[in-house]
Structure formats: structure tokens, C-alpha cells
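Since the structure comes first, as C-alpha cells, the remarks are kept for the end.
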Amino acid sequence: MGTSTKPKILFGMRDDGDMTEPMNIMLLSALAKKNANYQTGLWVMERDDLAQTLKKFRPDVIAFSGITGSHKYYLEAAGRIKAMDKHPEIIVGGPHFTFFPGEILRHPYIDALCVGEGDDAWVEWLQALQNNTNPNEIPNIITRENMEQVLKNPKGQGSVGMVDYSVDPKFMRGRKTDLDNLPFLDRGLIYDNTEFLYRYKRTLMASRGCPFRCTYCFEHQWNELYRGVRNPGAIRQLYSVDRLLDELEDFTKRYDTRFIKFYDDVFPPFPNVK
């Protein structure tokens, strides 16, 4: 990558009628700006012409994060992108690609795949790209170069089905235990480029993690991923009261806010503040 201008990340987002802002994209954008000196942009997939977006923004990295079901749209988009322009590195993450990391074997246009919590792994991968250093030793990041070493296939026999592979827990890092050092969500990326600006509901999370085993949710499977991980960290992680209030104050001053939705899996009891 050149050093004269900041490298660029394009986030792909589906405008599927979901009334909750994509906090994953807003956090990843904030991390990329703060810790890796990247410029970020947004591609609303149903709204924006792909060829024109690539020509105008000229991204170095394209990132998708998805759950099972929506993942097929991101994979199809990744294939279209590589057919138009082989330059951008395409990275995928989120629940679907965490539970089905064998997708990188099935789809050659994926350059990297992030499993589990990606806060630190994402930044380290971006820094490796920018500095031309080796990304293949970064925990939680699967690349085309390291995938044969870090993916386990319990069925053996070289099967490459979507459900045949899992990540070696030795290659995963524990949960992030200090949420307070995360940047505020990059709400401008979404609010300034979509109709979310005018919905007046602002969403955030005061914590991460859930210890329950509801059958309709993947949280208990997420927790199982961390069995065997060195220093896995507690299931529940919380922002401090002051840190949470600082972020609330920041975005309510900048954006018309009439309703605040806490999106936590379990509404948090805060620890005592001394």
C-alpha cells in the first residue's frame, strides 16, 4: 500500500429493513481509524452500484460481517468484487464465519476470515497489511496461507463442507477483558450515509456475553468456542459506568436522540463504583 494517503476500508452493509444500527461495522470502523490510521467508507449493497462504488472509493480492504442466512449475500458480493478488481483484500467475520470457518476453503475470493471477538485481531491484521508484515501468526485470523494449519477437520478425508471445520483453540485469543479502552462507535459512518440518521433511536451495548443456554440463540455455542483457549476470560464483560455515560453523552449531543435501546444479551448489573 502507498504511504502518501491513508489506506481505505469499504464496509458492505445490507439495507434489509433491520431497525438496529450495525454496531459491528461502527466499532470496526472506529478501531481502524484510531489504531490503524485507515479511512473508511460504506457500501449499502441494495442501494449503491458496486462498480461505481469501487471506482469512486478505490478500497484497499473490503469487509463483511454476517450471520447465517445473510452470509450468502456477502459471499456472492465478494465473488463479484474479485471479478471486477482483484486489488482489495476481502475479509469476512461475524457469527456465521466464526462457526463455519471452512467457508474460506470453499470460496477462493475470501482472503482472510476472523473468528470470535475480532477487536484486537482486526487491528493487528490491518497493521500487518499496512506495514507489509506477516499476518499469518495473528490469533483469530485465518488466511489462505495458514488455513491448513489452524483449521481442524474432525471428519478427515479432505472434506470441505461448510460444517466440517473448526478453529484450533490454540490459535484463538481470549475474550477482550477491558472494554473501556475501545473507541466510541463510529456512528457517523452509518448515520451520515443511511436513513438511520432519521430513525432517532440510538443503540448501544453496556456489556458483552451471556451465560444462558437459550435454544434459539448461539451464545452457548459461542461460549463453547473458548473452551481450551488460553486465558479465555469471563463470559460477562462490562463497560464501566463512567465510560458508558461518556459515550451516551457524546452521541446524544451530536445526533437527535429520542430513544435509547440497550442491546445487551443480559442487562448488566454494574459493579460498585468507589
Side-chain angles (χ1 to χ4, degrees), residues 11 13 18-35 40 63 65-67 93-96 98-99 114-123 140 172-192 194 196-226 229 231-274:
F11 291 98
M13 177 186 119
D18 191 339
M19 294 299 290
T20 298
E21 307 97 308
M23 289 180 286
N24 50 357
I25 291 177
M26 294 193 291
L27 177 57
L28 293 173
S29 177
L31 286 165
K33 289 179 175 180
K34 177 184 177 183
N35 298 323
T40 63
S65 177
I67 60 175
H96 176 80
T98 290
F99 293 122
C114 183
V115 297
E117 291 188 352
D119 313 272
D120 297 328
W122 163 248
V123 170
N140 293 49
M172 287 185 62
R173 67 187 80 207
R175 293 177 176 86
K176 191 168 186 64
T177 57
D178 183 6
L179 302 187
D180 281 7
N181 69 10
L182 292 172
F184 294 168
L185 300 181
D186 182 9
R187 295 177 182 272
L189 178 67
I190 302 301
Y191 296 162
D192 297 344
T194 72
F196 276 110
L197 177 65
Y198 306 108
R199 292 177 182 170
Y200 308 119
K201 173 185 67 64
R202 312 304 176 198
T203 309
L204 79 163
M205 297 178 70
S207 66
R208 290 183 180 180
C210 177
F212 300 111
R213 301 182 61 84
C214 302
T215 56
Y216 58 81
C217 184
F218 64 75
E219 285 285 355
H220 59 287
Q221 295 171 291
W222 189 271
N223 295 335
E224 286 294 322
L225 289 173
Y226 288 91
V229 174
N231 300 320
I235 290 174
R236 297 278 287 125
Q237 302 290 343
L238 292 80
Y239 288 94
S240 68
V241 175
D242 289 342
R243 166 61 175 76
L244 183 68
L245 292 177
D246 286 345
E247 185 160 3
L248 278 165
E249 183 179 20
D250 175 74
F251 70 73
T252 54
K253 284 182 176 179
R254 294 187 294 118
Y255 298 103
D256 188 351
T257 302
R258 306 178 192 181
F259 181 75
I260 295 173
K261 179 179 180 179
F262 286 89
Y263 210 65
D264 301 64
D265 296 294
V266 181
F267 196 73
F270 282 101
N272 292 330
V273 179
K274 296 181 179 179

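For this chain, numbers begin at 1 and follow the sequence in order.
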Basic-acidic side-chain contact under 4.0 Å: [X], [Y]:
X      : Y      : value
Glu21  : Lys201 : yes
Arg258 : Asp256 : yes
Arg208 : Glu117 : yes

Can you tell me how far [atom2] of [Y] sits from [atom1] of [X], rounded to the nearest 0.5 angstrom?
X      : Y      : atom1 : atom2 : value
Thr203 : Ile190 : OG1   : CD1   : 11.5 Å
Trp122 : Ser65  : CH2   : OG    : 10.0 Å
Ile260 : Leu204 : CD1   : CG    : 7.0 Å
Asp265 : Ser207 : CG    : OG    : 7.0 Å
Ile25  : Met13  : CD1   : CE    : 6.5 Å
Thr252 : Leu248 : OG1   : CG    : 6.5 Å

Minimum heavy-atom distance [X]-[Y], with the two atoms named:
X      : Y      : answer
Leu31  : Pro183 : CD2-CD, 3.5 Å
Tyr239 : Met205 : CE1-O, 3.4 Å
Pro95  : Phe218 : CG-CZ, 3.7 Å
Asp119 : Leu182 : OD1-CD2, 3.8 Å
Ala30  : Phe184 : CB-O, 3.2 Å
Thr177 : Gly233 : CG2-CA, 4.4 Å

Would you say CG of Leu245 has more than 12 non-hydrogen atoms from neighbouring residues, nucleotides or ligands within 6.0 angstrom?
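More than 12 heavy atoms, drawn from other residues, nucleotides or ligands, come within 6.0 Å of this atom.
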
From CA spacing to verdict: ring-ring contact (aromatic ring centres under 6.0 Å, His included), Phe259, Tyr200
CA-CA 7 Å; Phe259 181 75; Tyr200 308 119; over 10 Å; no

Cys214 side chain reached by Glu219 side chain, heavy atoms, under 4.5 Å
no

Quick check: do Arg175 and Asn223 have side-chain heavy atoms less than 4.5 Å from each other?
yes

So is Arg187 actually on top of Tyr191's ring, under 6.0 Å and inside 45° of the axis?
no

Is the NZ or CZ atom of Arg202 both under 6.0 Å from the centre of the six-membered ring of Phe251 and within 45° of that ring's axis?
no

